[in-house]
Protein chains: 2
Amino acid sequence: MDKYMQAALEEARQGLTEGGIPIGSVLVHRGRILGRGHNRRVQSGSTVLHGEMDALENAGRQAASVYRDCVLYTTLSPCPMCSGAILLYGIPKVVVGENRTFMGEEELLRSRGVEVEIIQSEECIELMTGFIEASPELWNEDIGE
Amino acid sequence: MDKYMQAALEEARQGLTEGGIPIGSVLVHRGRILGRGHNRRVQSGSTVLHGEMDALENAGRQAASVYRDCVLYTTLSPCPMCSGAILLYGIPKVVVGENRTFMGEEELLRSRGVEVEIIQSEECIELMTGFIEASPELWNEDIGE
C-alpha cells in the first residue's frame, strides 16, 4: 500500500474513531495531497459527504486543468454519487482500496475512460467487514438500501 | 410551472442574489418539500454542493424507503455528480427546468429506470443564459470545464 492509500486508510480509521462510517479518501495532484476526507454521515448528519466527496470538498475550488492531473484514492469502490463527481471533474484515475464489501460504478467509470485500479487491501476489507457487521442499518442507509 | 419548480426557481434566484450560480432544487416527498437548496460554489467555496446536492443535504438523513417515494425538482439538467446522487438514493423521478444551456446525464438516468421530465421553462433558460454570459469562467469551473 502506497502512502496515499495509507492516508486514505488513516482517514477511514479516523471516521470510525468518531463513531462514523470508515471510508476515507485523498485527492492527489502530481504527488501532493490536495484534500483528504472521510464519510461524514454520522458526524455531520451529511447525506452527500461520502469519503470521496469530503476529500473533494476539502481540496477546495480547483481549475479543470488541476483535476485532470489528479488521482483520487479511496478505501472503497466509489458509489454512483462519488463516481459521478469523478466524471464531473474529469479525474482520470481512481485507486480503490477494495471492492469486495461494496461494488461501485467501476464499469461506468471505465466506460467513460477513467482508469480504475483495485488494490484489494486486506486492511481495507477488514475495516469495512467489521463495520458492516456491527452497523448494518447505518451502512444500508449510506448506500441507499 | 408547478409550485415545486417555482420553489426550485426561487432557490436559484436566491443564489444569484448571493453572487452565486443560479441553480436551485427541491426534494419532494408525497407533496411535501423535505429539503431545498441552491448551488454553493461561490457562497461556501463548495465543490460538491450543486443545487441538487444542497437540497439533498438540507433534507437530512432519510431512509431508503423515503427517497424511493420522492421527486427531485431542479432548475437545470443534472450533472454527472447530481445524477449519481439520484441513482445512489434511488430517487425514481426528476423534474428538470431546462436542458438547453446544459445537458446532464439524462440518458444515464433513464437507462437506470429514472423518470426524467423536462419542463423547458423560459424562466429557467433566461436565468442560466444571463448567468453564463456574465460569468463564463465561473460556470465552466462548476461543470469541470
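What you are looking at is a predicted structure, and each value in this text was computed from that prediction instead of being measured.
B:Val116 and B:Leu88 fall within the same hydrophobic cluster, where Ile, Leu, Val, Met, Phe, Trp and Tyr residues are linked whenever their side-chain heavy atoms come under 4.5 Å apart, directly or through other members. Transitive grouping of hydrophobic side chains (ILVMFWY, heavy atoms separated by less than 4.5 Å) keeps A:Val26 and A:Tyr67 in distinct clusters. Under the 4.5 Å side-chain heavy-atom criterion for grouping Ile, Leu, Val, Met, Phe, Trp and Tyr, A:Leu27 is not connected to A:Ile33 through any hydrophobic cluster. Connection of B:Ile125 to B:Met5 is not established within any shared hydrophobic cluster, with ILVMFWY side chains joined at heavy-atom distances below 4.5 Å, either directly or through further cluster members. Note on B:Leu109 and B:Met53: same hydrophobic cluster, where clusters join Ile, Leu, Val, Met, Phe, Trp and Tyr whose side-chain heavy atoms are under 4.5 Å apart, directly or indirectly.
Heavy-atom pairs under 4.5 Å with chain B peak, among A:Ala63, A:Pro80, A:Ala64, at A:Pro80. For the set A:Leu56, A:Asn140, A:Leu87, A:Asp54, the entry with the most heavy-atom pairs within less than 4.5 Å of chain B is A:Leu56. Contact count against chain A (heavy-atom pairs under 4.5 Å) is highest for B:Gly84 among B:Ser65, B:Cys79, B:Gly84. In terms of heavy-atom pairs under 4.5 Å with chain B, the best-connected choice from A:Ser46, A:Ser44, A:Gly45 is A:Ser46. Taking chain A as the reference chain and counting heavy-atom pairs below 4.5 Å, the highest number among B:Glu105, B:Glu137, B:Glu145 is found for B:Glu105.
Using a 4.5 Å cut-off between heavy atoms, A:Arg112 touches chain B through its side chain atoms alone. Using a 4.5 Å cut-off between heavy atoms, B:Ile86 makes no contact with chain A at all.
In this structure, B:Met81 CE and A:Cys82 SG are separated by 10.0 Å, a value rounded to the nearest 0.5 Å. Atom OH of B:Tyr89 sits about 6.0 Å away from atom CG of A:Asp142, to the nearest 0.5 Å.
Counting heavy atoms of neighbouring residues, nucleotides and ligands inside a 6.0 Å radius, atom CZ of A:Arg100 does not exceed 12 of them.
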Output, in order, the C-alpha distance, side-chain angles, deciding distance and verdict of side-chain contact (heavy atoms from CB on, under 4.5 Å) for A:Arg61 and B:Leu138.
-> CA-CA 10 Å; A:Arg61 291 170 59 181; B:Leu138 180 55; 3.5 Å; yes
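The backbone N or O of B:Thr47 sits less than 3.5 Å from a side-chain atom of A:Glu57, completing a donor-acceptor pair.
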